[in-house]
Q: 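Take this structure first; my questions come after.
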Amino acid sequence: MVDFNDEQQRKCYRHTTSHVLAQAVKRLWPDTKLAIGPAIEDGFYYDFDREETFTADDLKTIEAEMKKIVKENIPLERFELSRTEAIDFMEKLGESYKVELINDLPMDAVISFYKQGDFTDLCAGPHLDSTGEIKAFKLTSIAGAYWRGDSNKKMLQRIYGTSFPNKDMLHEYLEKLEEAKKRDHNKLGRELEYFTTVDYIGQGLPILLPKGARTIQRLQRWVEDVEQERGCLLTKTPLMAKRDLYRISGHWDHYLDGMFVMGDPQDEAKECYALRPMTCPFQYQVYLNRQRSYRDLPMRLTETSTLFRNEESGEMHGLIRVRQFTISEGHYILRPDQLEEEFKECLELAKFMLGAVGLLDDCTFRFSQWDPENPKNKYEGTAEQWDVAQSAMKTILDDLGVEYSIGFDEAAFYGPKLDIQYKNVYGKEDTLVTIQIDMLLAQKFGMEYVDTDGSKKSPYIIHRTSLGCYERTLAYLLEKYAGCLPLWIAPEQARILPISDAHVDRAYEIKKAMEKRGLRVEVDDRSEKIGKKIREANLDKIIYMLVVGDKEVEEGTVAVRSRFDADLGSMSVESISDLMDEEVKNYTKHV
RNA sequence: GCCAAUGUGGCUCAGGGGUAGAGCAAUUCACUCGUAAUGAAUAGGUCGUGGGUUCGAUUCCCACCAUUGGCUCCA
């Protein structure tokens, strides 16, 4: 039996399922060419090259054929061929992608195949012994995918699927997926009126509605306050600049495609401006404003910084991938001997903030490194500079005991990064927070400090975010809390529900009193029954519902109903305000 | 940008070559109500936009725009 808790066995099981998928496709459409078909985190996929496109109906046909193959209980047989035999074998089958794969294998590689009846695939394995061992599977979607992940190469058709050792587990997984989709911020955020988009404003340019704006305002004020308490200096720098600035920073060479440019970038005779895609070169001007001494360092510059990036049209996603966004930006300018301490400070700050909003536990850490051979000439600087920066970061991360994965070729063009990653409800991962070491840009901008011995030195720079991008963070918060944000960042913390019109005046008195204490409170003053008001407050994900009727008016109280604890009984306005204050102070979370 | 799917009143969706329906929401009126939907009535859509085919298009075709899931790229 397959032990599905064991990653190797799970992958093996699903990998074999992908072979069954390929066999089914080859039986149905023999002209289809095979590319690759690995197991992935929650299932598997197989990439095909076929003239006609696969339709949703085709998936059903393929599933039916797969069921047959499983029923036939075909044994999988492994065999090896020499390189020339292997190429010859695949060429005869017309599998040009497989030939390319074999050609790219190292000379000393063992070239193995797995044969199941009328189907043979190039594969390192391992595999199940027989197709009959597959008990439950489902094809989930069709997508385009470039051959070898290269956008210059042909786009193939990828079929995604998943498989499990029994039907119950499959159903459970599919149901979990459905449940997760209900938390999709892109749906919830629109329904609950956190944000919206308008066709004629443009892709990736969401409008934050009052609720979204309020939560983000709350977060921004908090971030700015916490950062200033920790010795950061808030700046406000321009949102655009002449191309001259980006030439110095390197953005013009490395990032032009991602920038919104005003004017003709090729026309040197005329002025050309661009919206900023990053804050770095602007904030450096703060440092450069006068001569700096070693005593000034570290200088921790922060900014609630709006950025513009001309993402390609297919890449936008709700509030997670947008073209205009605001990040909790920071550039720490420091002496080399301060690198470790300041990096640690950045990481602690990010962890504190992610912890306060409740996202930290679901984060993973990625050490993003450069690829010295990157064909697109993505990186600046010398191999020596990169080695210094990367080994410094490695030492720091290891000293701090950070558990991280390596992100090869994921570095910024100016240095390595520690990326704090988060997954959305579909399992897609994006960067929430990033902390980067930069030993290049200071020199480009002529940033120096006068050291103890009177000599001029070049500082190091840490680029970092603390809470990351506010839009993206809001998206993840909506997904994490299924639309019901923790009290301290909830746009509406309490709703007062008068029993009848006679209690509305008192309701507004209470609202005023609570607002004086900094609480965000609304009144449902419609002439509706209390049951309806409660229902709708619940649908609006309101945490505290304060009911006011004759009894409460008389006693000067409110009847408190909590979304999480139901009826809390009558209490004074002061008591409920104290209780809420306490929750706000403690960043209390209900999940 | 690439591959695919989708686009019908505020929302969820039905329909289909002869200019459109349901539920919820909205509005008005009545009810003034004690912890998850009071009732009745009314209004609301050139069926994403622009072309084409047709006697006639929301329905068929093309282009564009937007949304969704992938790929590539990235916070």
Side-chain angles (χ1 to χ4, degrees), chain A residues 45 47 53-56 140-160 181 184 186-187 190-191 193 196-205 255 257-258 277-279 305 307 309-323 325-329 368 376 378 409-410 412 417 419-422 426-434 436 463-465 467-473 475 497-504 526-539 545-552 559-561 563 566-567:
Chain A
Y45 67 77
D47 286 348
T53 55
F54 290 115
T55 65
T140 47
S141 62
I142 314 163
Y146 296 109
W147 168 235
R148 306 207 123 176
D150 183 341
S151 56
N152 295 314
K153 295 205 162 96
K154 187 169 183 182
M155 178 153 280
L156 310 172
Q157 299 185 67
R158 175 171 297 177
I159 297 178
Y160 282 97
K181 279 182 196 167
D184 183 350
N186 210 352
K187 191 169 156 53
R190 290 170 196 271
E191 270 171 21
E193 299 193 292
T196 188
T197 48
V198 176
D199 286 9
Y200 42 81
I201 286 180
Q203 258 193 316
L205 299 169
Y255 210 80
D257 286 347
M278 296 178 195
T279 325
S305 178
L307 303 177
R309 296 187 186 175
N310 192 6
E311 303 286 352
E312 297 196 271
S313 61
E315 277 158 8
M316 263 66 75
H317 172 65
L319 291 178
I320 290 180
R321 267 307 266 295
V322 291
R323 282 182 169 146
F325 54 95
T326 300
I327 65 171
S328 60
E329 180 72 276
S368 296
K376 290 170 196 161
K378 177 179 158 185
D409 198 20
E410 297 278 1
K417 311 190 283 177
D419 291 321
I420 303 182
Q421 304 291 105
Y422 199 86
Y426 296 98
K428 188 179 170 109
E429 184 181 283
D430 274 293
T431 302
L432 233 191
V433 164
T434 182
Q436 313 168 350
H463 305 235
R464 64 87 175 128
T465 60
L467 189 60
C469 164
Y470 290 98
E471 290 84 353
R472 186 174 281 184
T473 300
L497 312 176
I499 296 278
S500 77
D501 293 353
H503 312 110
V504 169
R526 298 172 304 164
S527 302
E528 293 290 353
K529 289 171 76 170
I530 192 68
K532 178 160 185 163
K533 292 184 184 181
I534 286 170
R535 177 182 152 77
E536 291 186 5
N538 267 311
L539 293 175
M545 289 159 261
L546 312 180
V547 177
V548 182
D550 283 340
K551 182 165 163 275
E552 289 74 21
V560 180
R561 185 189 165 103
R563 178 181 179 78
D567 192 358

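Each chain gets a letter, A, B and so on, in the order its sequence line appears, and its residues count up from 1. Heavy-atom basis, side chains included; hydrogens, waters and symmetry copies ignored. Everything numeric here is computed off the predicted structure, so don't read it as measured data.
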Q: Only Watson-Crick and G-U wobble pairs with both distances less than 3.5 Å should count. Give RNA chain B in dot-bracket notation, marking inter-strand partners with |.
A: (((((((..((((....[..)))).(((((.......))))).....(((((..]....))))))))))))....
Q: According to side-chain hydrogen bond (donor to acceptor under 3.5 Å, both in side chains), who are the partners of A:E312, at least two apart in sequence or on a separate chain?
A: none
Q: Return the set of residues passing side-chain hydrogen bond (donor to acceptor under 3.5 Å, both in side chains) with A:T53 (not counting sequence neighbours), or none when no residue passes.
A: none
Q: Who pairs with A:E191 by salt bridge (charged side-chain N to carboxylate O under 4.0 Å, His left out), at least two apart in sequence or on another chain?
A: A:K187
Q: Looking at residues at least two apart in the chain, or sitting in another chain, which of them share a side-chain hydrogen bond (donor to acceptor under 3.5 Å, both in side chains) with A:T279?
A: A:S305, A:E329
Q: Which protein N or O atoms sit under 3.5 Å from an N or O of nucleotides 59-66 of chain B?
A:
residue : atom : partner : partner atom : Å
B:rA66  : O2'  : A:D199  : OD1          : 3.0

Q: Where along nucleotides 31-46 of chain B does protein come under 4.0 Å, by heavy atom, of base (B) or sugar-phosphate alone (S), with - for untouched nucleotides?
A: BBBBBBBB--------
Q: side-chain hydrogen bond (donor to acceptor under 3.5 Å, both in side chains) with A:H317: which residues, sequence neighbours excluded?
A: none
Q: Show the distances under 3.5 angstrom between N or O atoms of the protein and N or O atoms of nucleotides 69-72 of chain B.
A:
residue : atom : partner : partner atom : Å
B:rG69  : OP1  : A:H317  : ND1          : 3.4
B:rG69  : OP2  : A:H317  : ND1          : 3.0
B:rG70  : O3'  : A:Y160  : OH           : 3.2
B:rG70  : O2'  : A:Y160  : OH           : 3.2
B:rG70  : N2   : A:G144  : O            : 3.4
B:rC71  : O4'  : A:G144  : O            : 3.1
B:rC71  : O2'  : A:Y146  : N            : 3.0
B:rU72  : O2'  : A:S151  : OG           : 3.3
B:rU72  : O2   : A:E315  : OE2          : 2.9
B:rU72  : N3   : A:E315  : OE2          : 2.6

Q: Restricting to nitrogen or oxygen on both sides, can you table the protein-nucleotides 10-12 of chain B pairs closer than 3.5 Å?
A:
none

Q: For A:K428, check salt bridge (charged side-chain N to carboxylate O under 4.0 Å, His left out) against everything at least two apart and list the hits.
A: none
Q: In chain order, what residues pass the salt bridge (charged side-chain N to carboxylate O under 4.0 Å, His left out) check against A:E536, with sequence neighbours excluded?
A: A:R526
